[in-house]
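Written out below as structure tokens is the structure these notes cover.
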Amino acid sequence: MEQIDQGQLLASIAATSHDCILSVDVDGTILWASPATVEVLGWRPEDLAGSELSVVTPRQGGDVHAAHLQRLLEGERVAPFLDVVVRRDGSMFKASVALGPVRDGDGAIIGVTAILRDVTAELSDQHELIRTLEAARANVEQTPSPGAGFYEALGRRTWDTALVLDADLGVVYVAPSVVKLLGYEPAEAVRVASWEHVHPADAPRVADALERVLAQPWRTERFVLRLRHHDGRWCWLEETITNCLEDPDIRGLVAHLRDISEQVRTEEALQLSEALHRALVETAQEGILAMAPDGTTSFANERMAQILGIPLASLYGAETLALLGLTRWESDTGRFETAYTHPDGRDRILEVNRCPLTSTTPEPLGSLVTVSDVTEARLVELTLRRQALHDSLTGLPNRYLFLDRLETAAARHVRTRGRGTAVLYLDLDHFKPINDGHGHQVGDELLQEVAGRLAAAVRATDTVGRLGGDEFAIVCEDTDEQGAVLIAAKILGELRRPIAQGSGEHHIGVSIGIAVSPPHDFEDLVRRADGAMYRAKNLGGGRIAVARPEDVPGPEDHALTS
């Protein structure tokens, strides 16, 4: 770092970070606060200086902070944790708290650096996704029972190493990657999670975390521990464990393990002359690099090397844009996400934040670039959204997505004044005897075949959804009654063909009700189509019925609701 000394880099990181950074002495007194304190906590840095740390920790959270601070001051490594923090106006929020020791020239701990990050929005998004997913699952009437395939899928996820434990903390599944990580034979896999393999100094902390996770559905705890390798040495691991006991597909505690042994060794070996700078770099959860005015990298931390999959020594002097797989910066400053091809061949998603390096001198110093790997978070979001909006058996849109597509069709009809929009309501004939007589597995396979035939029979612009059981519905845009009847007739023919399964064949049919707008109102289409379908079924099934304006819905009519 020829152009930037460590003090300048520290000041630049503190000035440009969106996180609140506090320097605290061994007695818990705040010595210094970063500029972001105003936005995060509502306090000016100079007003906090000299105050006790308890001023930003509410009474119910003070003991948690005090316990972590005491552990850190005693020389123990403290992993980032979630806690409640209070703003100047008295409002509270959830924060991710990372603590790091400040040492003097002799290595003695003389204080603590605390980094507070507001994660309220992130937690809210995750909880909303989980609630949506659970609501969708509650409405699925035909769900395949979970089996070994689900757990095998956990082990095939290349971005984690997984364990699954039951409510009594018994191991029910160990991913092959865990076995490989700790050097055990597959037959010894269950021993991986036994208490005798947890370092005695870490066992109380692990037990406390497990107790908190078991006490609250969907709670997640993250902590660092040491597990004994098969060859007898201790491995440093970061464990993230989530209570999925209420998930009908899992019904257990899912733990992801990440080997951080190299990171721990690197941090222990890191020697920087400026104590606060050293503590901040060691505590950072993101990759940090300094880009000189000529676009080359003049400083990078070990976390940056890990994220990019490039040796730390190779980062120095390299073109920063090229390291990140970019050809140009979108703007001088700001936060953005970019696709990155890791040297191991896997595609990753990186969140990049670029800010100017500040100095008291007029000469430009370059930019500070921080990088986080958000691939896992984006994959989880995508999976949850997919599961929340699609039927797990057939892959078709579920009732939530079907209603959304119908609302979209209504809005499009108002704008374009097309011919009309039709809803087809379908109920299979003779399905229940097959399902009861041959078992749910045969019934599920029949439903999957029906879903495929329906998708093939409609137009590319139509939406086929499964509403539950053996009921399906279709939205057909830009059509009239005659066009809707032609589509229904094609479906009728497709489902009259026998379905071959194993050595036998099954014969099913379908009753179809149709309602078209105009003349019916959009909000009445599904109820009208449902009523028409029941009339078709009462006439013997295997036929089509069209709703008429003069029809009076009978007591047997069913309406689709959200």
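Because the structure is a prediction, the values reported are computed rather than measured.
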Quiz prompt | Interatomic spacing from OG1 in Thr370 to CG in Asp19 - rounded to 0.5 Å | solution = 9.0 Å
Quiz prompt | N-O pairing of Arg205 and Asp202 below 4.0 Å | solution = yes
Quiz item: Taking atom CD of Glu337 as the centre, does the number of heavy atoms from other residues, nucleotides or ligands within less than 6.0 Å exceed 12?
Solution: yes
Self-check item: Exam field: side chain Asp166 to backbone Asp168, donor-acceptor pair closer than 3.5 Å
Solution: yes
Quiz item: If only atom types and distance count, is the side chain of Asp391 paired as donor or acceptor with the main-chain N or O of Leu396 below 3.5 Å?
Solution: no
Quiz item: Ignoring hydrogens and geometry, is there a side-chain-to-backbone donor-acceptor pair from Asp106 to Ala108 under 3.5 Å?
Solution: no
Quiz item: Any donor and acceptor pair, going by atom type alone, linking the side chain of Asn243 with main-chain N or O of Val213 inside 3.5 Å?
Solution: yes
Quiz item: Should the heavy atoms of other residues, nucleotides or ligands under 6.0 Å from CD of Glu46 be counted, would the total exceed 12?
Solution: yes
Practice problem: Supply the atom-to-atom distance His197 NE2 to Leu182 CG, rounded to the nearest 0.5 angstrom. | Solution: 8.5 Å
Quiz item: Would you call Asp89-Arg87 a salt bridge at under 4.0 Å N-O?
Solution: no
Practice problem: Report the residues that fulfil ring-ring contact (aromatic ring centres under 6.0 Å, His included) with His342, sequence neighbours left out, ordered by chain and then residue number. | Solution: none
Self-check item: Main-chain N/O of Cys355 paired with Asn353 side-chain donor or acceptor, under 3.5 Å
Solution: no
Quiz prompt | Any Thr320 side-chain heavy atom under 4.5 Å of Leu326 side chain | solution = no
Practice problem: Could you give me the CA-CA distance, side-chain angles and deciding distance for Ile288 and Arg303, then say whether side chain to side chain contact (heavy atoms under 4.5 Å, CB included) is met? | Solution: CA-CA 7 Å; Ile288 299 174; Arg303 181 59 182 149; over 6 Å; no
Quiz item: Looking at side-chain heavy atoms only, is the closest gap between Met304 and Val371 below 4.5 Å?
Solution: yes
Quiz prompt | Met291 backbone acceptor or donor facing Ser367 side chain under 3.5 Å | solution = no
Practice problem: For the residue pair Ser298 and Tyr316, establish whether any side-chain heavy-atom pair is separated by less than 4.5 Å. | Solution: no
Quiz item: Short question: side chain of Tyr340, backbone of Leu308 - any donor-acceptor pair under 3.5 Å?
Solution: yes
Practice problem: Kindly indicate, with the supporting measurements, whether the criterion side chain to side chain donor-acceptor pair (under 3.5 Å) is fulfilled by Glu319 and Thr296. | Solution: CA-CA 4 Å; Glu319 293 286 340; Thr296 60; over 6 Å; no
Quiz item: Could you state the interatomic distance from CG (Leu72) to CG (Leu99), rounded to the nearest 0.5 Å?
Solution: 6.0 Å
Practice problem: Measure the shortest side-chain to side-chain distance between Ile109 and Arg103 over non-hydrogen atoms and say whether it is less than 4.5 angstrom. | Solution: yes
Exercise. Applying side chain to side chain contact (heavy atoms under 4.5 Å, CB included), run through Val40 and Val85 and close with a yes or a no.
Key: CA-CA 10 Å; Val40 177; Val85 175; over 6 Å; no
Quiz item: Of the non-hydrogen atoms in Ile241 and Leu210, which two are nearest, and what is the gap between them?
Solution: CD1-CD2, 3.5 Å
Quiz item: Distance-only, no hydrogens or angles: does the Ser34 side chain make a donor-acceptor pair with backbone N or O of Cys20 under 3.5 Å?
Solution: no
Quiz item: With a 4.5 Å heavy-atom cut-off, do Asp373 and Leu350 have their side chains touching?
Solution: yes
Quiz item: So do the side chains of Phe93 and Leu116 get within less than 4.5 Å of each other, counting heavy atoms only?
Solution: no
Exercise. To the nearest 0.5 angstrom, please state how far the OG atom of Ser51 sits from the CG atom of Leu31.
Key: 11.0 Å
Practice problem: With the side chain counted from C-beta on, respond yes when Trp234 and Arg228 share a heavy-atom pair under 4.5 Å apart, and no when they do not. | Solution: yes
Quiz item: If only atom types and distance count, is the side chain of Thr37 paired as donor or acceptor with the main-chain N or O of Trp43 below 3.5 Å?
Solution: no
Practice problem: Inspect the contact between Glu376 and Arg258 and indicate whether a charged nitrogen and a carboxylate oxygen are less than 4.0 angstrom apart. | Solution: no
Exercise. Check whether any side-chain heavy atom of Leu393 lies under 4.5 Å from a side-chain heavy atom of Arg466, and answer yes or no.
Key: yes
